[in-house]
**Student:** 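Below is one structure. I have some questions about it.
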Amino acid sequence: MKPAIVVVGSLNMDFVVGVEHLPAPGETVLGRNFQMFPGGKGANQAVAAAKLGGNSVAVRMIGRVGYDVFADHLKASLSAAGVDVGAVHATKSQATGVALIWVDRGGQNSIVVASGANGELAAADVEAMRPVFRGARLALFQLETPLSTVAGALALARQEGLETMLDPAPAQPLPAELLAKVDILTPNESEALRLLGRPAARVSPSAAIEMAEALRWLGPKAVIIKLGDEGCLAHDGVAPRHVPAFPVEVKDTTAAGDTFNAALAVALAEGAPLEHALRFANAAAAISVTRLGAQASAPARREVDAFLERHPASA
Ligand code: RIB
């Protein structure tokens, strides 16, 4: 039987506008084009994991949508990638989540999420879906559902013997009890600084070593800090490892972190060593930033394998 990955998280319809530069407070900017894409950090990770691990890994999603046309689109996108959506339920009290996204010419973005139904996913709902976790290998979490739900689901995943991976996005401080239930923590640099209560700054790979150590003291067994065009810094208590990014032409960084997490989870679920899993994740994220959209930008497995063949480790 294939190892399974369970994703607990958000589903959003993304409304994306290309802009010359991101608007400053009080500024109106004229956008170029408008497009809608299936998104949401949870659904993005589920779709990317299914695209990357289609033949080797099964993916199950737990989430909440409303009774509307966006819900149908989002569930269809998950199903088309091969994700089991049996635990994505609809609520009458809220509309499906949406995200308003501006993407500038350099591919950087600003995102505002209206959580809607994602905010209705309660810890008790996840508890009722305990069978979804049974026999699975890894559970993936982010922070676009209520914190009490994430905490309860992390505990449940641990009880069922799954390894837990938390993407602490959007950035926010987290209680020690929650971090203690995380096996692999994957912040980007600003999320890592926020978790440590430090001011915003650009983080070099060498500075990230100390931050990863400090984050490991909070409970996670392994910390992987995503450093954008600097790659990633991993610390699992054995030795810190910096894995450089692949140079690519950036079009849109939306969901690059989601694709990274999904690829990491797939490689680990397949039993790959951490070093290999990190290169695989960097490659998947590199391909994703060359394309527009969230789930639309996640590569297929054959694309990542071909990319890695063109970029051998020694090159
Ligand atoms: O990580 C990218 C995602 O953040 C977008 O798809 C948007 O929906 C927000 O959740």
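Just so it is clear, the structure is predicted and the values come from calculations on it, not from any experiment. Order of listing sets the numbers, starting from 1, for every ligand and every atom in it.
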**Student:** Tell me which protein heavy atom sits closest to atom 2 (C) of ligand 1, plus the residue, atom name and distance to 0.1 Å.
**Tutor:** D258 OD2, 3.4 Å

**Student:** Between N12 and V98, is there a side-chain heavy-atom distance shorter than 4.5 Å?
**Tutor:** no

**Student:** If the test is side chain to side chain contact (heavy atoms under 4.5 Å, CB included), which one of T164, V6, V7 qualifies with L140?
**Tutor:** V7

**Student:** Determine, using ring centers only, whether F70 and F15 are less than 6.0 Å apart.
**Tutor:** yes

**Student:** Counting each atom of ligand 1 from 1 as listed, which ones have a heavy atom of A99 under 4.0 Å away?
**Tutor:** 7 (C), 8 (O)

**Student:** Between the side chains of R105 and E249, is the shortest nitrogen-to-carboxylate-oxygen separation below 4.0 Å, so that they form an ion pair?
**Tutor:** no

**Student:** Please identify which atoms of ligand 1 are closer than 4.0 Å to at least one heavy atom of G39.
**Tutor:** 6 (O), 8 (O)

**Student:** Are F37 and V65 connected into the same hydrophobic cluster when the rule is that any two of I, L, V, M, F, W, Y join if their side-chain heavy atoms are below 4.5 Å apart?
**Tutor:** no

**Student:** May I ask you to identify the nearest protein heavy atom to atom 3 (C) of ligand 1, giving residue, atom name and distance to one decimal place in Å?
**Tutor:** N44 ND2, 3.6 Å

**Student:** State the atoms of ligand 1, each with its element, that fall below the 4.0 Å cut-off from a heavy-atom position in E144.
**Tutor:** 4 (O), 9 (C), 10 (O)

**Student:** So if I count the atoms of ligand 1 from 1 in the order they appear, which ones are less than 4.0 Å from some heavy atom of A294?
**Tutor:** 6 (O)

**Student:** Who's the nearest protein heavy-atom neighbour of atom 5 (C) of ligand 1, and how far?
**Tutor:** D14 OD2, 3.3 Å

**Student:** Answer yes or no: does an N/O atom from T254 fall short of 3.5 Å to an N/O atom of ligand 1?
**Tutor:** no

**Student:** Is any side-chain heavy atom of L143 less than 4.5 Å from a side-chain heavy atom of L166?
**Tutor:** yes

**Student:** In this structure, which one of K221, R216, R241 forms a side-chain hydrogen bond (donor to acceptor under 3.5 Å, both in side chains) with D236?
**Tutor:** R241

**Student:** Within the 4.0 Å heavy-atom shell around K41, which atoms of ligand 1 are there?
**Tutor:** 1 (O), 2 (C), 3 (C), 4 (O), 10 (O)

**Student:** Can G40 be said to touch ligand 1, with heavy atoms closer than 4.0 Å?
**Tutor:** yes

